[in-house]
K.L.:
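I have a structure here, written as structure tokens, and I will follow up with some questions on it.
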Amino acid sequence: MTSIAEKWQKEWEKAKIFEANPDRTRNKFFTTVAFPYPNSPFHLGHGRTYVTCDIYARYMRMKGYNVLFPMGFHYTGTPIIAMADDVAKGDKELIDIFKNIYEIPDNVISKLADPLFMANYFRDEIKKAMKEIGLSIDWRREFTTIDPEFSSFIVWQFNKLQEKGYIVRDTHPVGWCPVHHIPVGMHDTKGDMEPEIGEFVLIYFNSDLGILPAATLRPETVFGAIGIWVNPDVTYSIIELDGKKMIVSERAAFKLTFQFDNIKNLGSIKGSELTKYKAVNPITGKEIPIMAADFVDPNVATGIVMSVPAHAPFDYYYLKKNKQQDMQIVSVIQVEGQGDTLAKDLVEKTNPKNKDDLQKLTEQVYRIEYNKGKMKDVSSLVKPEFVNYFKSFIGLSVPEARQKVTEFLIEKGLGRKIYEIMNRPVYCRCGNEVVVKILKDQWFLDYGNPQWKALAKKLISNMKFIPPEIRKDFEFVTDWLQKRACARTRGLGTPLPWDKKWIIESLSDSTIYMAYYTISHKIRQYQLKPSQLTYDFWNYIMLGIGDIDKISSETGISKEIIREMRNEFLYWYPLDIRHSGKDLIPNHLSFFIFNHAAIFPEELWPKAIAVNGFVLYEGKKMSKSLRNIIPLRKALRIYSPDVVRIALTSTADMGSDVNFSDSYAKSVGEILRRYYEFIKELPKYDGEGSEFANNWLKAQVSSIVLSSTKNMDNIDFRSTINDILYSFDSYLREYIDMCKADGKEPNGKLLREVIETWIKLLAPFAPHFAEEIWHELGHTTFISLEKWPTAEESSEDLYYILIHEYHKRIIEDSQKIINYYYKGKPSIVKIYVAEQELMKVLREAVQILSNGGTLKQLMEKERPSDKKLANIIRKIYELAVELDDNMKKLILGYNINEREILELGTKYMSYKLGIPVEVYDVSKLDKSKYNKEALPLKPAIIVE
RNA sequence: GCGGGGGUGCCCGAGCUGGUCAAAGGGGGCGGACUCAAGAUCCGCUGGCGUAGGCCUGCGUGGGUUCGAAGCCCACCCCCCGCACCA
């Protein structure tokens with residue numbers, strides 16, 4: 001199988017059948033799939049999306065479209081650099097994966113320390129995999145995102161976004177390595193921990209030493225702060241921040257230098273020393289004690305916290321432990337049915353033993369109060385000058401109060417916000433603990449811009465989504481997206497045109513590159529230099545803006561070439577469909593939508609997005625730790641390309657995860673092999689077949705063509721493969737059985753016709769296999785370019801299909817009875833058909849039902865002469881209710897003679913049952929012996 | 001918390017515009033054919049009861065709508081995924 005695949009891949013390449021050029025006489029279809037980031041070879045998981053795109057591309061090609069399916073490689077970003085560093089450092093885990101999972105030779109691994117070598121090596125590796133799995137790509141258009149030609153395009157895009165006001169400057173907190181001074185994302189940390197950045201509110205409690213900035217996530221409880229906790233065993237720094245003298249832990253003093261410029265270190269003081277002083281609550285104005293507690297972590301925020309025993313389990317617990325519970329607890333938040341001192345009550349009730357218990361209680365209190373808590377009247381607790389403001393707080397929910405208190409504190413200069421790593425400690429790969437750095441003058445794409453959002457929403461409303469459920473995801477993401485940093489200080493990529501120290505980050509330089517495919521091969525063909533690809537040049541190619549004479553003379557590119565490129569762009573754009581995995585919905589695909597909406601006119605907006613789920617291996621998620629990552633090329637060697645294509649795309653529908661299992665892949669290989677053998681043996685069938693069987697088979701094939709076309713249009717590969725691989729197989733067997741039962745040889749000519757239709761249906765899924773069969777059948781064309789089969793819906797086909805189904809149901813019923821036959825071995829099945837009159841009643845019943853009528857109407861129409869007949873009519877009515885729609889059509893459309901229909905199938909029935917089958921009219925039934933009645937389509941069956 | 005997707009028989013997994021649904025298709029198990037034998041392949045059975053195509057129970061839990069619910073509505077429980085400057 002693999003050698004067949006190689007053979008046809010070479011033939012395709014030789015004939016250049018996937019190189020697509022503009023052709024005004026044909027409808028075009030432009031499809032893309034999210035290009036790969038080459039930091040590893042492809043594994044099975046990558047394969048699914050690309051094959052999905054390819055199957056659909058091949059389908060559309062067979063439907064007569066001029067299909068463009070291009071590919072590029074995404075070099076932009078930091079992970080490749082980080083990985084190359086790790087290789088250079090001899091990172092054991094990474095090298096182990098390269099060596100033992102991806103089977104990369106040792107002499108190559110050592111070279112991977114060079115990031116560019118790594119990218120190129122994996123690019124080539126991925127490209128090989130793509131070719132080996134049979135993707136029908138036009139490789140002339142390949143590029144990488146660090147090609148200078150591509151960079152010129154990105155420069156144009158960013159200038160465009162800048163012009164429209166969609167790029168803004170702002171400050172922005174990031175995870176930061178305090179030693180090497182670089183931003184730290186998930187790929188740069190030990191254990192791939194994403195540094196989560198959150199906000200603490202500092203509340204300024206005055207003291208004789210200066211301000212004690214208590215850090216809290218719950219500023220709304222400040223009214224109940226009756227003390228300040230410090231850790232007596234650590235050293236605190238005296239600093240100046242915002243011109244104010246403050247006390248914070250030494251670590252905090254260090255960390256805050258990454259967030260503020262105006263910090264001075266004035267000295268230090270022992271924590272135990274601090275407890276000799278008193279502090280003043282800035283909101284209540286009350287003097288409160290500074291107390292010692294070892295639970296205060298100097299590494300979190302400022303290392304100073306306020307004590308609110310009513311609402312913080314730690315605070316109450318330590319108050320009690322220090323025998324200070326005589327202090328008056330002040331309550332601020334009321335929870336319906338749970339009192340107003342939740343922390344105190346829970347500590348008393350559950351009696352926590354250690355910090356873990358207290359931590360759990362804290363989370364519990366936080367959750368309950370956050371969701372259900374209401375503010376009490378706090379105006380009586382505050383300084384006289386604040387009373388009026390806080391009167392309105394009564395009844396506020398906790399989140400509302402939190403926001404208001406925070407705003408109040410900041411406005412009055414009584415507090416401020418700082419950032420902290422919430423899931424600390426997170427360590428940089430270099431070993432240092434990550435801190436928060438505020439980057440100033442960071443560049444953002446302003447996805448929060450209301451006009452831009454509106455455009456994106458408009459694009460979404462006209463877009464087709466597969467599967468349709470994902471539309472909701474896009475709508476939600478569009479609402480939720482805000483400013484997004486679009487440049488980093490390091491990594492591969494294109495510098496921002498107006499501020500070159502910033503590199504445009506990877507999710508921002510990959511939003512409209514599909515447009516670049518349309519002309520990338522022309523840049524190469526005409527050897528255009530990056531310096532020629534100016535802003536004006538791109539403006540003309542992409543938007544038709546500007547004076548072509550001027551552009552031609554300024555860039556030195558001939559007018560013909562510029563025009564040709566513009567025309568080619570216009571031929572292929574808009575993009576017809578984009579494929580990707582579902583993980584890209586909240587990021588790449590949403591940015592793709594936003595940027596198209598921003599840059600291009602509405603008629604060039606992309607038309608459809610198709611996303612697929614992940615690939616499981618033997619029912620489990622593939623992961624490094626489970627070591628169950630199967631390199632794609634390895635799978636191709638083991639199972640052959642066509643089998644992998646089917647196993648990756650056709651066992652689940654688009655949205656859900658596919659389970660790649662060895663046994664399923666093998667069974668696909670097996671069934672393809674069986675088909676192959678069957679086709680080899682086709683010449684031995686030289687009979688005429690039986691008439692009914694021939695008609696039935698033709699009908700069944702038509703129906704498969706119709707359903708497959710419908711399913712392919714919806715990218716429902718699972719149903720299609722089910723029909724063409726498995727149902728079709730059983731139809732062939734049934735056909736041969738039907739002929740045999742009738743004493744006839746199967747019709748070879750018909751079988752050949754049927755196989756020719758079938759192999760075309762299979763071609764998008766198993767193109768190599770299909771190509772081979774197609775040529776075995778004597779054709780010299782490429783099946784990849786053949787026309788997709790068509791069929792007409794016909795009532796005659798339906799008739800044959802339903803009659804055969806009816807036969808099978810009689811067989812099934814007979815079999816059931818035979819299984820319960822107790823008088824030895826059954827020797828004959830006798831079928832007694834209901835009176836023809838009753839069939840008319842059934843038809844009447846169906847008619848009445850389809851007009852929304854009832855049993856009553858049927859009775860009125862039929863006017864049964866006695867009770868027995870009335871009973872039968874009732875049963876017929878019930879039968880009619882349960883018939884499926886096709887059967888109803890059949891009954892209404894044909895004057896059915898049930899006896900004739902049955903006789904068409906008696907030979908088949910007795911063949912299947914292994915004993916003779918005879919058909920009689922019900923009048924021949926000896927009612928004294930068998931208490932049975934015959935209804936239309938439900939004949940009486942007697943086994944003897 | 002917010003948003004999305006789910007919970008089906010021994011297992012995996014379809015069905016979800018209400019009626020041929022005791023519920024496709026696999027897998028596993030049991031029995032049979034073929035074979036010296038094993039494997040592969042093919043055939044039958046695989047919720048319970050039943051000496052004739054039937055009855056009963058049943059698709060997360062509890063209600064409801066309906067002549068009729070795996071499917072529709074409500075409430076609850078549980079599981080998975082995403083939540084940003086990162087590809």
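Remember, predicted model here, so these are calculated numbers, not experimental data. Chain identifiers are assigned alphabetically (A, B, ...) following the order of the sequence lines, protein sequences preceding nucleic acid strands; residue numbering begins at 1 within each chain.
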K.L.:
Taking 4.0 Å as the cut-off, does a side-chain nitrogen or oxygen of A:Arg673 come that near to OP1 or OP2 on B:rA40?
P.N.:
no

K.L.:
Are any of A:Arg718's side-chain N or O atoms less than 4.0 Å away from OP1 or OP2 of B:rA24?
P.N.:
no

K.L.:
Does A:Arg874 place a side-chain N or O at less than 4.0 Å from the phosphate oxygens OP1/OP2 of B:rC67?
P.N.:
no

K.L.:
Paired with B:rG39 by Watson-Crick or G-U wobble geometry, both distances under 3.5 Å: which nucleotide is it?
P.N.:
none

K.L.:
Once rounded to the nearest 0.5 Å, what's the spacing between atom CG of A:Asp657 and atom OG1 of A:Thr651?
P.N.:
10.0 Å

K.L.:
Counting just side-chain N and O atoms, does A:Ser506 come under 4.0 Å of either OP1 or OP2 of B:rA87?
P.N.:
yes

K.L.:
Looking at B:rA87, I'd like to know if its phosphate oxygens (OP1 or OP2) sit under 4.0 Å from a side-chain N or O belonging to A:Thr78.
P.N.:
yes

K.L.:
Without hydrogens or angle criteria, can the side chains of A:His588 and A:Arg578 be said to hold a donor-acceptor pair below 3.5 Å?
P.N.:
yes

K.L.:
RNA chain B: A:Asp473 or A:Leu507, which has the more 5' nearest nucleotide?
P.N.:
A:Asp473

K.L.:
Would A:Asp716 and A:Ser719 count as having a side-chain donor-acceptor pair, cut-off 3.5 Å?
P.N.:
yes

K.L.:
It should be established whether A:Lys582 places a side-chain nitrogen or oxygen under 4.0 Å from OP1 or OP2 of nucleotide B:rG5.
P.N.:
no

K.L.:
Is there a Watson-Crick or G-U wobble partner for B:rG3 with both distances under 3.5 Å, and if so, which one is it?
P.N.:
B:rC81

K.L.:
Nearest to the side chain of A:Arg484, which nucleotide is it out of B:rG53, B:rG4, B:rC86?
P.N.:
B:rC86

K.L.:
Return the 5'-most residue of the pair A:Arg674, A:Tyr664 with respect to RNA chain B, ranking by each residue's nearest nucleotide.
P.N.:
A:Tyr664

